[in-house]
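Below you'll find the structure I mean.
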Amino acid sequence: MTTRAKDAEDDRAAEDTAVPATTATGEVGSGTVDPVEAPGGVPAPLSRRRLVLRRFLRHKLGVIGLVVLVGLFVVAYLGPVISPWTYTDQDVTSYLEPPSAEHWFGTTQIGEDVFVRTMRGLQKSLLIGLLVGLISTALATVVGATAAYFGGLTDRALIWIVDLMLALPALLVIGILSPAFDSWLILVPLLAAFSWLLAARIVRGMTLSLREREFVQAAKFAGVPAWRIIVRHIVPNMASLLIIDATVTVGLAILAETGLSYLGFGVQPPDTSLGTLISDGTSSALTSPWLFMFAGGLLVLAVLAVNFVGDGLRDALDPSSQRGRKEKP
Amino acid sequence: MIRFLLRRLANYVALAFVATFLAYCLAALTFTPLGSLQGRNPPPPPEVIERRRQALDLDEPILVRFYNWFTGALQGDFGETVTGQQVTDELISRMGVSLRLLLIGTLIGVTLGVILGVVSAIRQYKPSDYVSTFLSFLILSTPVFLLALLLQFAAIRFNDAAGTTLLYFTGETTAGFQGGFWAALLDRLQHLILPTIAIALTQIAYYSRYQRSAMLDVLGSDFLRTAQAKGLTRRRALFKHGLRTALIPMATLFAFGFGLLVTGAVFVERIFAWYGMGDWYVRAVAIEDVNIVATVVLFTAVLVLLSGWLSDVLYAVLDPRIRIR
């Protein structure tokens, strides 16, 4: 308790001096604070990066989430290398066997190794989630900031498109297109196309207020072109929000992808995903639970880890917000 | 206020139309409804395929096909399926099944979610708060289809422990059930419990997390202190002034939460073998049937936008500032 209180105090002292550099003038890294001597004998202020890192490390669940997530990535890619079986192997000596020393996660009806299949599914699900998170946040930033900065017709068109796409559950539309899929790569832009909507609205709202700030006006009157103002002055000021949003989107994207794959609308054979594996295991789930339990457990673990990381980042990057207050996209 | 709500309603009607139009065009472009017929072995005679093509209007341009379908739909005729049945025949019963699930899911989800969130906020940092926060996190990280599967597992354990089948997990009634009104009602209820839990859990978790933070914001506010200072009991102040204010953000979330619910219902219907709209949709994509898909999308879009409009109404009821606009 005492160390915690002291940490909090340190934090406050550090924020008092370091944060004005980012919030009062609104410009990140403008270097207005003298980093060497701060008044009142306070030790030299931490840089924002170190401050954020320290706050994140103090958020235990966030750190655990990050460790688990990195661990899952490592296992997903190293697991198949270590295992004696490969994805296409069929062990004719064991059909539908529960987990054993030889087959760590058991075998399927036709003697495939469940461990290797699960790792392969995990690879796809994690990769798709990560890519969708990145693309969707980038899209939300570009569209939201552009629409709000230019205003007028662009802005109204954006709001209308967002409303329209929110009226259509992503599942239905992607399902309609699924007969035309031939690679899982198509799934990434499609999922991203339905993930950026709410984030774009939030970005738009923030840009609307940033647009009126002095430093943006100054840049504008100094003749800086609009795209440059957006890239150099507006986007960096939303960095915290964007990082948090990207994390949340990764979790949602993993859920969406596995859901689609579960229905057969997502990742198509020969590729596999955690959703496909759970769906394959459903038919005999009640008698041989190992067919879907491992895939299901890893899926929940991955999404939970992503959400914890997001929560930790929120606390670290945006200390003024209470937990969970930000709109979830 | 009436004008504001009417304007929103008109906007939503337009959106529902455009959404259905886009879905119809996408489906018409990707689907090959004759594929199953052509792939048959032995191949059917060309006249059969030709007749089916005529019946489905496949030679017309997509815009004309959409116009025909939509004008029919306005009069209650949603076209033919690829196998030649009337879409409308099945629509009513499937709509009933889905609406029952969605309505009960919404009611239970919103009510319990709000109560849980408020209790969590009032008892912040107590063990109950930690437990409910962690459980919400866990449930929000679990896809609905996995939740439904686990519930089936639990039901089997439960039935074993009880020695008789108390909870059913396939279909919405026992096939060929004979019995009086009360027995039939009980039978339906036994089938209803698990799917309802499956669909409501996510909703409860979703609403409780937002309600908790909205309530926390209100708990620290000046007007609540004023209300107590002028002599209201804490309970009265909390419910009369606090809860009402804390409910406002929920109205906005309602529209999005309902979209979540509709998606979840697709999985629940599939897993518990309820023949609702979501189940129909999955089947329709498998047989590449444009008319069924368009009908389901129209149904969904109308529901989602209706919930959007309802959230506008709620907003206006809860927040007087909107009413003046």
Side-chain angles (χ1 to χ4, degrees), chain A residues 61 160 163-181 197-198 251-252 254-259 261-265 274-275 278-279 281-282 285-286 289 292-293 295-297 299-308 311 321-329, chain B residues 11-12 15-16 18-20 22-23 26-27 29-32 35 133 137-138 140-146 149-150 152-153 156 206 209-210 212-214 216-217 249 252-253 255-256 259-260 262-264 266-267 270-271 278 281-282 284-286 288 290 293 296-297 300-302 304-305 308:
Chain A
L61 282 176
W160 199 78
D163 277 351
L164 175 67
M165 291 186 74
L166 283 175
L168 279 171
L171 177 84
L172 297 191
V173 178
I174 299 180
I176 290 175
L177 296 171
S178 69
F181 289 175
L197 306 164
L198 286 178
L252 290 176
I254 294 178
L255 286 181
E257 178 271 317
T258 47
S261 299
Y262 178 86
L263 294 176
F265 297 160
L274 291 179
I278 295 173
S279 158
T282 309
L286 303 175
F292 86 98
M293 276 295 184
L299 172 57
V300 175
L301 193 66
V303 180
L304 204 58
V306 171
N307 284 344
F308 280 147
D311 218 37
S321 87
Q322 279 160 5
R323 225 181 266 179
R325 203 170 83 186
K326 278 263 147 54
E327 290 263 326
K328 193 173 77 168
Chain B
N11 182 35
Y12 286 136
L15 276 174
V18 176
T20 316
L22 287 179
L26 278 181
L29 284 172
T30 17
F31 289 177
T32 44
T133 305
F137 244 119
L138 194 64
L140 285 178
S141 304
T142 311
V144 180
F145 57 89
L146 192 60
L149 277 177
L150 293 175
Q152 291 194 339
F153 256 105
I156 289 180
Y206 172 78
R209 271 180 63 73
Y210 288 106
R212 176 178 176 273
S213 42
L216 280 179
D217 280 354
T252 339
L253 288 170
F256 186 64
L260 217 65
V262 170
T263 311
V266 176
F267 295 100
R270 290 292 291 175
I271 289 173
Y281 168 78
V282 177
V285 172
E288 313 208 355
V290 179
V293 164
V296 177
V297 170
T300 314
V302 166
V304 169
L305 292 168

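Chain letters run A, B, ... following the sequence lines, proteins first, then strands; residues in each count from 1.
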In Å, rounded to the nearest 0.5 Å, how long is the span from CG of A:Leu172 to OG1 of B:Thr263?
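If I round to the nearest 0.5 Å, the distance is 7.0 Å.
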Any side-chain heavy atom of B:Thr30 sitting closer than 4.5 Å to one from A:Phe181?
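No. Closest side-chain heavy atoms not under 4.5 Å.
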Is it the side chain or the backbone of B:Leu15 that comes within 4.5 Å of chain A heavy atoms, both, or neither?
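Its backbone and side chain both get close to chain A.
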Quick one: what part of B:Val293 sits under 4.5 Å from any heavy atom of chain A, side chain, backbone, both or neither?
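Only the side chain of B:Val293 comes within 4.5 Å of chain A.
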Could you tell me the separation between the CG atom of B:Asn11 and the CH2 atom of A:Trp160, rounded to the nearest 0.5 Å?
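It is 8.5 Å, given to the nearest 0.5 Å.
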From A:Ile174 atom CD1 to B:Leu26 atom CG, the distance as rounded to the nearest 0.5 Å:
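CG of B:Leu26 is found 11.0 Å from CD1 of A:Ile174.
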To the closest 0.5 Å, what do you measure between CD1 (A:Ile278) and CG (B:Leu149)?
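Separation between the atoms: 7.5 Å.
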When you compare the side chain of B:Tyr281 with that of A:Leu263, does any pair of heavy atoms fall below 4.5 Å?
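Contact flag for A:Leu263/B:Tyr281 side chains = no.
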Using heavy-atom distances under 4.5 Å, tell me whether B:Val290 contacts chain A through its side chain, its backbone, both, or neither.
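Nothing of B:Val290, per the 4.5 Å heavy-atom cut-off to chain A.
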Where A:Leu164 and B:Ala19 come nearest, the two heavy atoms and their spacing:
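Between these two residues, the closest heavy atoms are CD1-N, 3.8 Å.
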Can you name the one residue among A:Leu255, A:Val303, A:Ile254 that meets side chain to side chain contact (heavy atoms under 4.5 Å, CB included) with B:Pro143?
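Going through A:Leu255, A:Val303, A:Ile254 one by one, the side chain to side chain contact (heavy atoms under 4.5 Å, CB included) with B:Pro143 is satisfied by A:Leu255 alone.
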What part of B:Tyr12 gets within 4.5 angstrom of chain A, counting heavy atoms only: side chain, backbone, both, or neither?
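For B:Tyr12, no heavy atom lies under 4.5 Å from chain A.
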Checking B:Leu22 against chain A: side chain, backbone, both or neither under 4.5 Å from a heavy atom?
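Answer is side chain: those atoms of B:Leu22 sit under 4.5 Å from chain A.
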Got A:Asp311 and B:Phe137 here, is their nearest side-chain heavy-atom distance under 4.5 Å?
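They are in side-chain contact.
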Heavy-atom distances under 4.5 Å only: say whether A:Met165 touches chain B with side chain, backbone, both or neither.
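Neither the backbone nor the side chain of A:Met165 comes within 4.5 Å of chain B.
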Would you mind reporting whether B:Phe145 and A:Thr258 have side-chain heavy atoms less than 4.5 Å apart?
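They are in contact (side-chain heavy atoms under 4.5 Å apart), so the answer is yes.
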